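What you see is a predicted model; the values in this text were computed from it and never measured.
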Amino acid sequence: MAKIIFQLVCTVVLVAGVFSLAAEDDMSVKVLYVFGDSLVDIGNNDDLPKEAPKANYPYGMDLPGKPTGRFTNGYNLADIVAQRLGFEMSPQAYRSMWWFERDDVRRCNIGANYASGGSGILDTTGQADKVLTMRTQIQYFKRDTDNMKCYYPVHKKNHLSESLFLLSAGGNDLSAFNGSMGDAPAYVEKMATTYVEHIQELYNLGARMVGILDVPPVGCTPGIRANMSNGECNEGANSLAKRFNNLLRANLAKAAATNMKGLKYSIASNYNILSDMIANPFIAGFKEVQTACCGGGRFRAERMCSHANTTACSGNHDDYLFWDMLHGTQATYERGVVAFFYGDASKMG
């Protein structure tokens with residue numbers, strides 16, 4: 001059993017490898033900048049048009065106060081990564097900031113979370129929902145860096161190079177794919193190429209430490225199971241996720257070696273860690289890894305949590321791997337981030 005637990009903890013490529021090197025150089029992560037989708041969005045969508053996905057109650061029900069804009073029951077991946085770095089939670093959602101808080105971003109005092117639920121790598125993903133595409137998120141960040149004036153003894157270049165850029169994207173792009181399997185390789189290649197272009201743009205703006213969360217086994221979410229006659233995972237969807245993850249690693253390694261000198265990055269394998277949790281629920285500490293905690297219909301995943309005729313499960317929410325048809329519970333994210341931080345640092349770029 002100890003061997004299995006060790007494998008569970010060590011299946012991911014280490015996000016914290018970036019921080020391990022920083023610690024060796026007597027550095028610390030100054031601030032956190034977050035880009036991506038609903039795995040790391042903490043409320044930007046609340047300030048977008050009504051078409052954008054919203055995390056209304058019972059999302060956030062295990063945190064005090066009103067709904068938080070997080071697509072889970074409590075803290076999400078951005079929060080828990082931030083907490084591991086010594087911050088209280090994720091930096092604030094950029095769209096909800098007051099002008100003086102955005103001034104604090106430009107004075108190098110705080111980071112920001114630009115992520116938007118429903119967005120993807122490609123500009124077309126989530127367009128109908130009027131979300132913030134990753135390109136738009138980076139444009140927001142560029143506007144901030146163009147006006148960034150750090151105060152002595154902080155220098156803008158050093159500030160950005162000592163900050164962590166956390167990225168999560170790709171799942172929504174795969175969900176949006178509606179072509180034939182023959183079209184899939186070109187589509188996935190476009191995803192990987194465009195993702196590297198986004199990372200290159202962040203590098204050009206000053207990013208030097210980048211942590212990337214790869215695409216999880218999207219074919220095993222409750223929402224996908226609910227559409228399968230046998231209730232099992234959709235291995236076709238999972239194969240696309242694996243293909244994308246492999247291409248991203250290969251393309252980024254090549255681009256970093258040729259065009260991004262000094263970049264320290266690592267890609268955490270959401271795919272492997274969640275696959276292990278689903279395969280070994282008892283060892284991972286879960287009682288339910290197929291049915292969502294919140295939603296409606298088969299697998300509690302035919303209707304989105306917070307929509308009409310849906311409910312949240314009673315009892316201990318930490319027993320569930322999935323909070324809704326797509327997203328994990330806070331407990332899932334907490335256990336996953338432990339793996340992010342204590343995996344194999346030698347796999348870092």
Side-chain angles (χ1 to χ4, degrees), residues 34-83 88-96 113-120 126 129-132 166 168-169 171-172 175 213 216 218 221-226 270 274 286 288-337:
V34 183
F35 304 83
D37 53 25
S38 55
L39 295 182
V40 290
D41 181 6
I42 64 161
N44 281 305
N45 278 19
D46 289 349
D47 292 301
L48 295 179
K50 64 180 181 180
E51 294 87 351
K54 302 291 195 297
N56 298 322
Y57 189 86
Y59 287 105
M61 67 183 299
D62 292 330
L63 291 180
K66 63 180 182 179
T68 62
R70 294 163 172 82
F71 290 85
T72 184
N73 59 308
Y75 290 120
N76 70 13
L77 279 168
D79 295 304
I80 298 167
V81 168
Q83 289 164 355
E88 183 178 351
M89 63 182 72
S90 166
Q92 192 173 340
Y94 186 75
R95 293 277 303 191
S96 69
N113 185 318
Y114 303 90
S116 176
S119 68
D129 292 331
K130 302 187 186 306
V131 300
L132 305 177
L166 179 65
S168 169
N172 292 323
S175 296
L213 310 180
V218 292
T221 61
I224 293 295
R225 288 182 187 273
N270 264 333
L274 285 176
F286 295 107
E288 179 55 66
V289 297
Q290 297 184 2
T291 298
C293 182
C294 183
R298 190 179 183 217
F299 290 100
R300 211 176 277 125
E302 292 178 312
R303 295 184 295 278
M304 194 72 174
C305 177
S306 82
H307 289 193
N309 300 316
T310 62
T311 59
C313 60
S314 58
N316 187 358
H317 298 160
D318 290 353
D319 290 339
Y320 284 75
L321 177 67
F322 290 100
W323 173 249
D324 65 10
M325 63 171 62
L326 297 170
H327 307 97
T329 59
Q330 176 178 312
T332 301
Y333 297 145
E334 287 173 338
R335 291 161 197 173
V337 170

Residue pairs involving residues 67-78 (criterion salt bridge (Lys or Arg N to Asp or Glu O under 4.0 Å); sequence neighbours excluded): Arg70-Asp79
Can you give me the closest heavy-atom contact between Ala115 and Asn44, atom names plus distance? O-ND2, 2.8 Å
Does the pair Cys313/Cys294 show an SG-SG distance of less than 2.5 angstrom? no
Using the ring of Tyr114 (Phe, Tyr or Trp, six-membered ring only), decide whether Arg95 places NZ or CZ under 6.0 Å from its centre and within 45 degrees of its axis. no
For a quick test of your reading: what N or O donor-acceptor pairs under 3.5 Å do the side chains of residues 304-311 make, sequence neighbours left out?
residue: Thr310; atom: OG1; partner: Ser306; partner atom: N; Å: 3.4
residue: Thr310; atom: OG1; partner: His307; partner atom: O; Å: 2.6

All heavy atoms of Leu274 vs all of Thr332, minimum pair found to be CD2-CG2, 3.7 Å
Going from CD on Gln83 to OH on Tyr75, what distance comes out if it is rounded to the nearest 0.5 angstrom? 5.5 Å
Met61 side chain reached by His317 side chain, heavy atoms, under 4.5 Å: yes
Atom of Arg225, atom of Arg298 and distance for their closest heavy-atom approach: O-NH1, 3.6 Å
Could you grab the distance from atom CZ of Phe299 to atom CD1 of Ile224, nearest 0.5 Å is fine? 12.0 Å
Side-chain (Glu302) to main-chain (Gly296) donor-acceptor, under 3.5 angstrom: no
Using only atom types and a distance under 3.5 Å, with no angle test, would you say the side chain of Glu288 pairs donor to acceptor with the backbone of Gln290? yes
Indicate yes or no for a side-chain donor-acceptor contact from Ser116 to the backbone of Leu132 under 3.5 Å, with no hydrogens or angles considered. yes
Which residue pairs pass the side chain to side chain donor-acceptor pair (under 3.5 Å) test with at least one member in residues 52-61, sequence neighbours excluded? Tyr59-Asp324
Check the side chains of Asn73 and Thr329 for a donor-acceptor pair under 3.5 angstrom, ignoring hydrogens and angles. no
Give a yes or no on whether the backbone of Ala292 and the side-chain of Arg300 come within a donor-acceptor separation of less than 3.5 Å. yes
Find out whether Tyr333 and Leu39 are in side-chain contact, i.e. whether some heavy atom of one side chain is under 4.5 Å from a heavy atom of the other. yes
Heavy-atom side-chain contact between Pro53 and Val131 under 4.5 Å: yes
Closest approach of Gly69 and Ala55, non-hydrogen atoms and distance? C-CB, 3.6 Å
Give the minimum heavy-atom separation between Tyr320 and Thr291, together with the two atoms involved. CD2-O, 3.4 Å
Determine whether a donor-acceptor pair (N or O, by modelled atom type, separation under 3.5 Å) exists between the side chain of Thr68 and the backbone of Gly60. no
Have Asn113 and Ser90 got a donor and an acceptor in their side chains that come within less than 3.5 Å? yes
For Asn76 and Ser38, which heavy atoms make the closest approach, and how far apart are they? ND2-O, 4.5 Å
Can you tell me how far the CG atom of Leu77 sits from the OG atom of Ser168, to the nearest 0.5 Å? 7.0 Å
Decide whether Asp37 and Ser119 meet the rule of one side-chain donor and one side-chain acceptor closer than 3.5 Å. no
